[in-house]
2 protein chains.
Amino acid sequence: MEKEVVIIGGSDLGISTALRIRELNKKIKPLIITNNKFPNFSICGIPFYISGEVGHWKNLAHRKEEDIRNKGIELMLNTEVTDINHREKYILIKEKDNRRKIYYNKLVLGTGGKNIIPKIEGIGLSGVFFMRWMEDAINFNKYLESNKVKDTLIIGGGYVGLEMAEALIKRGLNVTIVEFFDSVLTTVNRNFRDMVKNKLEKNGIRVITSTAVKKIEKEGDKLVVTGNNNLAEKVDTVVASVGTEANTKLGKNIGLERGIKGAYKVNRKMQTSINDIYAGGDCAETLNNITDKYNYYALGTVAHKHGRIIGENICGLDREFAGVIGTQSIKLFDIVVARTGLSKKEAVEREFNVKSKLLESWDHKVYYPPVYKMYTEVIIDNDSKRILGAQIIGNKNAEIAKRIDIFAAAIFNKMKTEDFNQLDLSYTPPLSSPWDPVQMAVQEIEK
Amino acid sequence: MEKEVVIIGGSDLGISTALRIRELNKKIKPLIITNNKFPNFSICGIPFYISGEVGHWKNLAHRKEEDIRNKGIELMLNTEVTDINHREKYILIKEKDNRRKIYYNKLVLGTGGKNIIPKIEGIGLSGVFFMRWMEDAINFNKYLESNKVKDTLIIGGGYVGLEMAEALIKRGLNVTIVEFFDSVLTTVNRNFRDMVKNKLEKNGIRVITSTAVKKIEKEGDKLVVTGNNNLAEKVDTVVASVGTEANTKLGKNIGLERGIKGAYKVNRKMQTSINDIYAGGDCAETLNNITDKYNYYALGTVAHKHGRIIGENICGLDREFAGVIGTQSIKLFDIVVARTGLSKKEAVEREFNVKSKLLESWDHKVYYPPVYKMYTEVIIDNDSKRILGAQIIGNKNAEIAKRIDIFAAAIFNKMKTEDFNQLDLSYTPPLSSPWDPVQMAVQEIEK
């Protein structure tokens with residue numbers, strides 16, 4: 001078999017690449033090969049499926065299989081790619097006892113990430129779950145339904161760990177988070193972490209920090225989780241969520257250059273170190289627009305951008321990826337926490353002359369109820385006055401996520417504080433102030 | 001009396017100027033002179049006071065009188081300035097039968113706007129109201145409380161007219177809007193205007209378009225409003241809201257250059273044509289950042305920006321106003337309509353090679369209910385691919401106002417479509433998609 005474009009992986013990167021190719025060149029019919037039966041599922045939605053908010057897991061599909069095929073994209077599901085021969089430009093797929101060759105002109109690697117398996121004795125016991133792919137979610141949900149689960153423990157207080165904690169509380173279970181570092185959500189500033197911890201605790205979640213889990217043991221139907229600081233918890237299930245590394249076995253075998261967390265090294269065109277092989281999404285490194293250095297970001301937004309760039313380059317558009325700036329947001333119960341750009345710590349590490357301020361404000365004119373408190377931290381380089389980063393926390397009705405995006409757009413454009421104040425942002429009393437709180441926060445620095 | 005800085009007008013422009021001066025130079029104590037007793041009131045909030053949502057009118061104060069004085073700003077309330085002598089650099093204020101001189105080093109004119117009085121016979125009758133200053137709001141509210149008002153008519157379907165219509169419906173009154181043009185809210189595209197009209201009508205507001213009011217007559221306790229298209233409405237009160245022009249009598253007397261709607265001509269430093277006299281807010285022209293031409297925008301956001309620039313220049317910072325781009329938003333019932341940059345019509349008039357698309361989308365991932373429809377129009381110059389404008393309409397929970405601000409930041413930075421897709425915007429399933437709808441809308445143009 002011979003194909004113009006072969007894409008390995010049917011999640012965000014693969015689908016984004018294929019869709020962009022179809023928009024630009026109807027002659028190319030990209031082939032997507034996946035090792036599961038769930039192409040184009042929103043794996044970011046898994047916590048909301050576990051919570052019961054999503055309804056059927058099938059709702060998590062960005063697009064149905066037939067929608068993808070109708071776009072002129074070929075799909076080969078439940079198919080394992082075992083090898084790449086980059087000299088002769090073919091891949092090998094497993095078919096029962098055979099291997100079949102598929103020749104490619106361009107190959108795209110979108111094999112995604114895999115869970116970092118913490119070094120904990122008993123991490124492989126039944127009743128211990130990782131959340132990454134649809135199978136994980138479906139299996140975990142079945143486990144919760146068919147066992148008398150009451151007490152749960154989550155290892156890791158990052159984005160996914162916190163979303164899973166909320167999901168399990170919403171299912172009426174007891175939830176304990178055990179975090180190795182001294183706080184949850186270490187990507188935001190310390191004030192915000194404390195507010196998040198309070199929010200979790202107010203909603204009945206136990207939060208244990210500065211504690212390493214060492215061992216998980218079976219004791220009857222229970223799992224006993226032990227670690228330092230006298231950790232000894234008896235629970236019905238454990239969810240481990242301590243991060244992602246790249247799934248790059250295929251490329252490793254042929255010597256593709258790899259970097260942070262095993263991720264493929266790519267240039268700005270998303271090309272790997274071997275001709276005609278592109279990589280993106282969770283299996284590749286990602287350029288940071290501010291630092292101009294590569295890092296590892298396992299995020300759906302990044303994978304979609306990578307895919308679009310790859311599709312455009314395959315179609316001859318000669319596009320370069322501009323890099324991400326570290327924008328992230330999370331909704332927890334009735335609050336939203338969002339960040340973009342560099343944190344204060346990251347900015348100091350990069351030797352900027354850092355100045356920062358944290359402003360408490362209302363989200364809109366206080367005379368129009370209901371009004372919501374929000375907290376905005378702005379981080380600047382005090383030499384150039386360039387805005388380096390921002391973080392906001394507040395009520396979910398305070399348009400926090402899209403307010404952080406105003407900063408994201410400003411930081412991407414390397415705006416300085418003075419220019420930021422000149423931005424013509426929208427105002428009506430029920431939604432903002434004549435100076436939007438994001439501008440007030442920047443003005444705090446200039447007082 | 002001699003003062004370093006004298007500011008005439010205590011609304012947004014005056015206060016913003018004075019506050020910035022105090023931040024930068026504690027030695028200067030600016031004097032603000034107002035012809036009323038309401039310094040620093042949010043006159044944008046008047047419709048929400050009339051609706052009953054604000055509670056007491058005093059809540060509309062951005063700051064209390066004592067807060068302003070405590071900032072080191074002098075206030076002279078209920079004081080009329082009758083003349084400026086720019087050669088000897090003093091102003092004259094009226095004190096009972098006397099005139100008193102106050103010498104200035106720098107004079108700031110923030111005398112605001114005044115209502116455009118439509119050429120309608122009987123527009124001066126009692127029972128006919130204009131909404132601009134706090135006195136108007138308080139008087140109108142008293143009128144509604146002390147008379148058996150049931151039927152109301154609003155002349156003008158712009159931002160204030162529509163907000164007043166919602167306010168009066170919320171008070172349980174009957175409301176008819178009469179608009180001269182062929183639709184309400186002519187600042188947004190025709191699809192959006194129709195959606196707004198539907199929303200008004202669904203909420204019980206009658207909307208009459210393409211109709212000029214010619215005459216208002218007293219008939220007992222009633223007002224009879226007649227015009228073309230057989231308009232004949234018998235109502236208890238009329239609110240006229242047909243726009244704003246500059247209040248520039250003081251400057252006219254001394255020959256200050258004036259332009260559109262009588263507004264003071266200013267340069268980028270907000271200086272008028274006479275040395276040491278600055279002007280800003282509703283009494284001055286405003287630079288448009290996209291067209292690089294001056295226009296008239298009577299908006300609180302603009303006045304605040306002008307004031308900040310004036311304050312900085314008075315303190316020697318040498319700042320230039322970058323210009324606005326026409327961002328506006330309005331909440332009506334459960335929807336928000338927002339715009340920024342040029343409309344399609346404005347872009348065509350300026351001879352850009354205009355291309356535009358209107359995208360219907362969800363505000364966030366559809367699997368996480370409740371989800372809201374939103375409509376995003378993007379207008380670009382198809383030669384340079386620069387984004388010229390954007391308009392969004394949708395549910396008030398869809399973060400429309402701050403989504404338009406992402407476009408506002410992008411347009412201010414002259415971003416092209418390709419770069420806009422590279423923006424690292426925040427994503428979590430309850431609040432957005434891996435491509436935010438604003439990016440999806442831009443991608444529609446590139447398909």
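Hydrogens, waters and symmetry mates are skipped; everything else that's a heavy atom, side chains included, is used. Naming convention: chains lettered A, B, ... in sequence-line order (proteins, then strands); numbering from 1 in each chain.
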Inset, instruction - Just do the side chain to side chain contact (heavy atoms under 4.5 Å, CB included) check on Tyr427(B) and Ser329(A) with the steps written out, would you? - result: CA-CA 6 Å; Tyr427(B) 164 54; Ser329(A) 63; 5.6 Å; no
Inset, instruction - Count the heavy-atom pairs under 4.5 Å between each of Asp419(B), Leu423(B), Leu24(B) and chain A, then report the option with the highest count. - result: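 Highest number of heavy-atom pairs under 4.5 Å: Leu423(B).
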Inset, instruction - For Leu431(B) and Ala401(A), work out which heavy atoms get closest and say how close. - result: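 Taking every non-hydrogen atom into account, CD1-CB, 3.9 Å.
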Inset, instruction - Answer whether the closest heavy-atom distance between the side chains of Glu53(A) and Pro430(B) falls below 4.5 Å. - result: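 No, their side chains stay 4.5 Å or more apart.
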Inset, instruction - Answer yes or no: is there a side-chain heavy-atom contact under 4.5 Å between Phe412(A) and Met415(B)? - result: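 Sidechains of Met415(B) and Phe412(A): in contact.
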Supply the atom-to-atom distance [X] [atom1] to [Y] [atom2], rounded to the nearest 0.5 angstrom.
| X | Y | atom1 | atom2 | value |
| --- | --- | --- | --- | --- |
| Leu425(B) | Asp405(A) | CG | CG | 4.5 Å |
| Ile404(A) | Ser426(B) | CD1 | OG | 7.5 Å |
| Glu446(A) | Arg20(B) | CD | CZ | 5.5 Å |
| Lys447(B) | Leu19(A) | NZ | CG | 8.0 Å |
| Tyr368(A) | Ser51(B) | OH | OG | 6.5 Å |
| Ile406(B) | Phe407(A) | CD1 | CZ | 13.0 Å |

Looking at [options], which one has more heavy-atom pairs under 4.5 Å with chain B than the rest?
| options | value |
| --- | --- |
| Glu418(A), Lys365(A), Glu23(A) | Glu418(A) |
| Val366(A), Asn289(A), Asp12(A), Val324(A) | Val324(A) |
| Ser42(A), Pro369(A), Ala410(A) | Ser42(A) |

Legend entry - Heavy-atom proximity to chain B below 4.5 Å, by part of Tyr159(A):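 It is neither, since no heavy atom gets under 4.5 Å.
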Give a yes or no answer on whether the side chain of [X] reaches the backbone of [Y] with a donor-acceptor pair at less than 3.5 Å.
| X | Y | value |
| --- | --- | --- |
| Asp424(A) | Gly323(B) | no |
| Glu399(B) | Asn397(A) | no |
| Asn59(B) | Tyr367(A) | no |
| Gln422(A) | Ala322(B) | yes |

Inset, instruction - Identify the residues of residues 297-310 of chain B whose heavy atoms come closer than 4.5 Å to a heavy atom of chain A, ordered by number, or report 'none'. - result: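 At a heavy-atom separation under 4.5 Å, chain A is reached by Gly300(B), Thr301(B), His304(B), Lys305(B), Arg308(B), Ile309(B).
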Inset, instruction - Dump the intermediate steps for side chain to side chain contact (heavy atoms under 4.5 Å, CB included) on Gln328(A) and Thr428(B), then the final yes or no. - result: CA-CA 8 Å; Gln328(A) 287 179 314; Thr428(B) 178; over 6 Å; no
Legend entry - salt bridge (charged side-chain N to carboxylate O under 4.0 Å, His left out) partners for Asp436(A), two or more places apart: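 Per chain and number, Asp436(A) pairs via salt bridge (charged side-chain N to carboxylate O under 4.0 Å, His left out) with Arg403(A), Lys402(B).
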